[in-house]
Colleague: 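Have a look at this one before I ask anything.
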Amino acid sequence: MLQLNHIQNNKEEVLARLAIKHFDGTKIIDDIVAHDTDRKKTQAELDNTLAKLNGVSKEIGQLMAQKKSEEAEAKKKETASLKEDAKQLEEKKAHIEKVLHDLLVRVPNLPHTSVPIGRTPEENVVVREGGVEPKLTVDAKPHWELTTQYNLISFELGNKITGAGFPVYMGKGAKLQRALISFFLDKAIAAGFLEIQPPLMVNADSGYATGQLPDKDGQMYFVNEDGYYLIPTAEVPVTNIYRDVLLKEEELPVKMCAYSQCFRREAGSYGKDVRGLNRLHQFDKVEIVQLEHPDKSYATLDAMVSHVESLLNALGLKYRILRLCGGDMSFASALTFDFEVYSAAQKKWLEVSSVSNFETFQSNRMKLRYKDKNGKINLAHTLNGSALALPRIVAALLENNQTSEEGIRIPDVLRPYTGFDWIK
RNA sequence: GGAGAGAUGGCUGAGCGGUCGAUAGCGGCGGUCUUGAAAACCGUUGAACAGCAAUGUUCCAGGGGUUCGAAUCCCUUUCUCUCCGCCA
C-alpha cells in the first residue's frame with residue numbers, strides 16, 4: 001500500500017511510475033487524493049466537536065463536585081446537539097476511510113527506477129547466466145517420462161486422490177524432495193536465516209498485509225468454514241509474524257526462512273506449459289524473508305540474489321537471472337529478479353525463484369515499523385525470495401542428469417541428504 | 001467438552017463512574033558522582049491522526065451499549081490461566 005503523503009505530494013511521479021507497471025492510475029489516484037482531503041477535513045470537524053463535548057463534560061464534573069447540581073443539569077442539555085453532530089461526523093469519517101482504504105489497497109507498488117520498460121516476459125532483461133548446459137543423448141526424455149520410468153512421482157494417483165496438479169511422490173522421488181528441502185534450509189540457516197515452521201493457513205488480515213488480498217483473491221484456496229486461506233507461499237505467514245510490530249533499529253535486519261507447502265489455484269492455465277512438474281496446485285518451497293532498514297534494502301536484495309545463485313551453482317544447474325520489466329512484475333514488488341533454470345530435455349527455461357524488494361508496500365499495510373536513533377518511527381522494508389521452489393528444480397535435475405545406461409545422477413551436495421548417488 | 005478466574009504502557013502491576021493516557025517498581029535513555037564501570041541520586045521515557053507550532057482528537061484485548069462523562073458499569077467475540085474430562 002502506497003503512503004498517502006507520498007501520493008499527495010508526488011502525484012505526477014506516482015502516475016508515471018504506475019504506468020511502467022501498465023497500471024492506469026489517473027482516475028483512482030484522483031479519487032484517493034480527493035477522499036484523503038475529505039478525510040482530513042472531516043477528522044478536523046469531528047475533533048473540534050469532540051473537544052467541545054469533552055470541555056462541557058469536564059465542566060459538569062466540576063459543578064457536581066461543587067454541589068451545583070442545577071447548573072450541571074443545565075449544562076447537560078447543551079451536549080445533546082454536540083452529540084448528534086459527533087455521531088454524524090463519526091459515520092461520515094468511517095465511510096470515507098473505508099472507501100479510501102478500498103481504493104488504496106488496489107493500487108500496485110511503484111516500480112524501482114531500475115525496472116526495465118516492457119510489457120511481456122520477453123522484455124525482461126537478462127542480468128547474467130551461469131552453469132553449463134548438459135550434453136544429453138538423443139533419446140533424452142522429459143521429466144514426466146522419467147518420473148514414471150523410475151517410479152518417482154505419480155501424477156495419475158494425485159489426480160485420482162485429489163485432482164490435477166497434486167502429484168504423489170514415492171520412494172526415491174519422495175526422498176529427493178526431503179533432501180532438497182533439507183539442503184535448502186541448511187544453506188539458509190548457514191546464511192543467518194532463522195528457521196520458521198509457519199501455519200499453512202492464514203486469516204484475511206495476513207493476506208491483506210502481504211498484498212495477496214484483494215489482488216489475488218480467487219487464486220488462493222479458501223476454507224469457507226473458518227474464513228482461512230491456504231498459503232500460496234510461506235512469505236505470507238512468515239512476514240506476518242511482524243505485523244503490527246514496532247522494532248528497534250538495531251534489531252534490523254530480521255532474517256527468516258521457512259519450508260512450506262504452497263497452494264495455488266492458478267485458474268486458467270493449460271497445455272504443455274503445465275505438463276508434469278511445470279505447474280502444480282500444491283508444491284514445496286523454501287522461502288527466505290528479510291525485514292531491513294530502508295537504506296540497506298537494495299544491498300540486501302543483491303545478497304539474497306547471491307544466496308539463490310549459490311544454490312543453483314551447488315546443484316550444477318544452468319541458470320539465468322532476469323530483471324523483470326514493469327509489465328511482468330507482481331502487484332506488491334518494487335524490484336524483482338527471477339531465476340530460471342534450463343531444462344535440457346524440454347529445451348526451455350523454467351522459473352524457479354523470484355527475489356523481490358517490496359520497500360514499504362507490505363510494511364505500510366501491516367504496520368511493520370522501527371524506531372530509529374532519534375526516536376522517529378519509520379516503516380521497514382520487506383524482501384523475500386524463493387530459495388528455492390522444488391518442482392522445477394526436480395524437473396531440471398532429473399532431465400539434465402539423466403544418462404542412458406546408469407540412470408539419473410544425484411548432485412554431490414545432495415548425496416548426504418538422499419543417501420543414494422543414483423536413481424536407477 | 002464442563003466449571004471458575006482473568007486480559008491495563010517494553011515487562012511486572014495499581015486504578016473499579018469525573019481533573020486518568022493512566023500510581024508504583026523494573027527496564028530503556030540522559031545526567032551527577034567515578035580514571036572507567038557498578039551502586040546511589042536526579043531527570044526523562046507509549047502509539048496513531050491533524051497541525052509549522054501551540055495544541056486538539058483517539059487508543060487500557062476486539063466489537064457494541066448505558067451515561068453529560070467509561071480503563072472503571074452492561075452485552076458480545078477472541079485469547080490466556082486453573083481444575084475436571086477427552087486426545088496424537
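Lettering of chains follows the sequences in order, A, B, ..., and the numbering in each one begins at 1. Here the structure is a predicted model, which means the values were calculated and not measured.
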Colleague: Taking side chain to side chain contact (heavy atoms under 4.5 Å, CB included) as the criterion, tell me which of L277(A), V168(A), T148(A) meets it with F155(A).
Modeller: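 Filter result, single survivor: L277(A).
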
Colleague: Let me know the distance between CG of L63(A) and C1' of U19(B), rounded to the nearest Å.
Modeller: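 After rounding, the gap between these two atoms is 13 Å.
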
Colleague: Quote, to the nearest angstrom, the C1' distance that separates G9(B) from A14(B).
Modeller: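 13 Å, rounded to whole Å.
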
Colleague: Tell me the interatomic distance from R39(A), atom CZ, to A48(B), atom C1', rounded to whole angstroms.
Modeller: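 Going from CZ in R39(A) over to C1' in A48(B) covers 11 Å.
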
Colleague: Which whole-number value in Å describes the distance from D205(A) CG to C79(B) P?
Modeller: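 Taking atom P of C79(B) as the reference, CG of D205(A) is at 14 Å.
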
Colleague: Go through the side-chain N and O atoms of E123(A) and T120(A) and say whether any donor and acceptor fall under 3.5 Å apart.
Modeller: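 A pair is found: one side chain offers a donor N or O, the other an acceptor, under 3.5 Å apart.
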
Colleague: Judged by modelled atom types alone, do E399(A) and H143(A) share a side-chain donor-acceptor pair under 3.5 Å?
Modeller: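 The criterion, which ignores hydrogens and geometry beyond distance, is satisfied for H143(A) and E399(A).
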
Colleague: Rounded to whole angstroms, how far apart are NZ on K93(A) and C1' on C49(B)?
Modeller: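 Going from K93(A) (NZ) to C49(B) (C1'), I get 8 Å.
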
Colleague: Which pairs, with at least one residue in residues 351-375 of chain A and sequence neighbours excluded, count as a ring-ring contact (aromatic ring centres under 6.0 Å, His included)?
Modeller: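 Counting only pairs at least two positions apart or across chains, the ring-ring contact (aromatic ring centres under 6.0 Å, His included) contacts touching residues 351-375 of chain A are H293(A)-Y370(A), F331(A)-F361(A).
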
Colleague: Please determine, by modelled atom types, if N240(A) and R243(A) share a side-chain donor-acceptor pair under 3.5 angstrom.
Modeller: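 Judged by distance alone, the side chains do pair up.
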
Colleague: How does protein reach along nucleotides 55-72 of chain B, written 5' to 3' as B (base within reach of a heavy atom under 4.0 Å), S (only sugar-phosphate), or - (no contact)?
Modeller: -BSS---------BS---

Colleague: Answer yes or no for K175(A) and F420(A): cation-pi contact, defined as NZ/CZ to six-membered ring centre under 6.0 Å and angle to ring axis within 45°.
Modeller: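 No.
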
Colleague: Work out how far the P atom of G6(B) is from that of U44(B), and round it to whole angstrom.
Modeller: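 Going atom to atom, P in each nucleotide, I get 35 Å.
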
Colleague: What is the distance from CD of Q8(A) to C1' of C49(B), rounded to the nearest Å?
Modeller: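 Interatomic distance, CD of Q8(A) to C1' of C49(B): 14 Å.
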
Colleague: Quantified in whole Å, what is the C1' atom distance between nucleotide U35(B) and nucleotide U45(B)?
Modeller: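 Per the computed distance, 31 Å lies between those C1' atoms.
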
Colleague: Can Q290(A) and T300(A) be counted as having a side-chain donor-acceptor contact under 3.5 angstrom?
Modeller: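 Checked: Q290(A)/T300(A) side chains show no N/O donor-acceptor pair below 3.5 Å.
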
Colleague: Taking atom C1' in both G18(B) and A24(B), compute the distance separating them and give it to the nearest angstrom.
Modeller: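 Result for the C1' pair: 23 Å, nearest Å.
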
Colleague: Quote, to the nearest angstrom, the P distance that separates A22(B) from C29(B).
Modeller: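 Straight-line distance between the two P atoms is 24 Å.
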
Colleague: Going by side-chain contact (heavy atoms from CB on, under 4.5 Å), name the residues that satisfy it together with T113(A), two or more places apart in sequence or in a different chain.
Modeller: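 Partners of T113(A) by the side-chain contact (heavy atoms from CB on, under 4.5 Å) criterion come out as none, since no residue qualifies.
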
Colleague: If the P atom of G27(B) is compared with that of U76(B), how far apart are they to the nearest Å?
Modeller: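 Going atom to atom, P in each nucleotide, I get 42 Å.
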
Colleague: How many whole angstroms separate atom CD of Q3(A) from atom P of A48(B)?
Modeller: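 Roughly 13 Å, once rounded to whole Å.
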
Colleague: Would you kindly give the NE2-to-P distance between H101(A) and C49(B), to the nearest whole Å?
Modeller: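 In whole Å, C49(B) P and H101(A) NE2 are 14 Å from each other.
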
Colleague: Given atom NZ of K41(A) and atom C1' of G51(B), what is their separation to the nearest angstrom?
Modeller: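 So the NZ-C1' distance, K41(A) to G51(B), works out to 17 Å.
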
Colleague: Hunt down any stem RNA chain B takes part in, defined as 3 or more consecutive Watson-Crick or G-U pairs whose two distances are each under 3.5 Å.
Modeller: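 So the stems come out as B:1-7 with B:78-84, B:10-12 with B:24-26, B:27-32 with B:40-45, B:46-50 with B:55-59, B:61-65 with B:73-77.
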
Colleague: Mind listing the side-chain donor-acceptor pairs of residues 90-104 of chain A below 3.5 Å, one per line with the distance, residues two or more places apart or on another chain?
Modeller:
{"unit_1": "K98(A)", "atom_1": "NZ", "unit_2": "D102(A)", "atom_2": "OD2", "d": "2.9"}

Colleague: Taking for each residue the nucleotide of RNA chain B with the nearest heavy atom, is it K40(A) or K371(A) whose nucleotide lies nearer the 5' end?
Modeller: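 Final value for this comparison: K371(A).
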
Colleague: Taking the C1' atom in each of G56(B) and G63(B), what is the distance between them to the nearest angstrom?
Modeller: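 Comparing C1' positions in G56(B) and G63(B) gives a spacing of 26 Å.
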
Colleague: According to a strict under-4.0 Å criterion, is R369(A) in side-chain N/O contact with OP1 or OP2 of A48(B)?
Modeller: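 Answer is yes, contact under 4.0 Å.
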
Colleague: Base, sugar-phosphate or nothing for I377(A)? Non-hydrogen atoms, less than 4.0 Å.
Modeller: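 Sugar-phosphate: the residue I377(A), judged by heavy atoms under 4.0 Å, touches backbone atoms but no base.
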
Colleague: Pick the C1' atom in A88(B) and in G2(B), then give their distance to the nearest Å.
Modeller: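 Looking at atom C1' only, A88(B) and G2(B) are 22 Å apart.
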
Colleague: K21(A): which residues meet the salt bridge (Lys or Arg N to Asp or Glu O under 4.0 Å) condition with it, sequence neighbours left out?
Modeller: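 With sequence neighbours excluded, K21(A) shows a salt bridge (Lys or Arg N to Asp or Glu O under 4.0 Å) to no residue whatsoever.
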
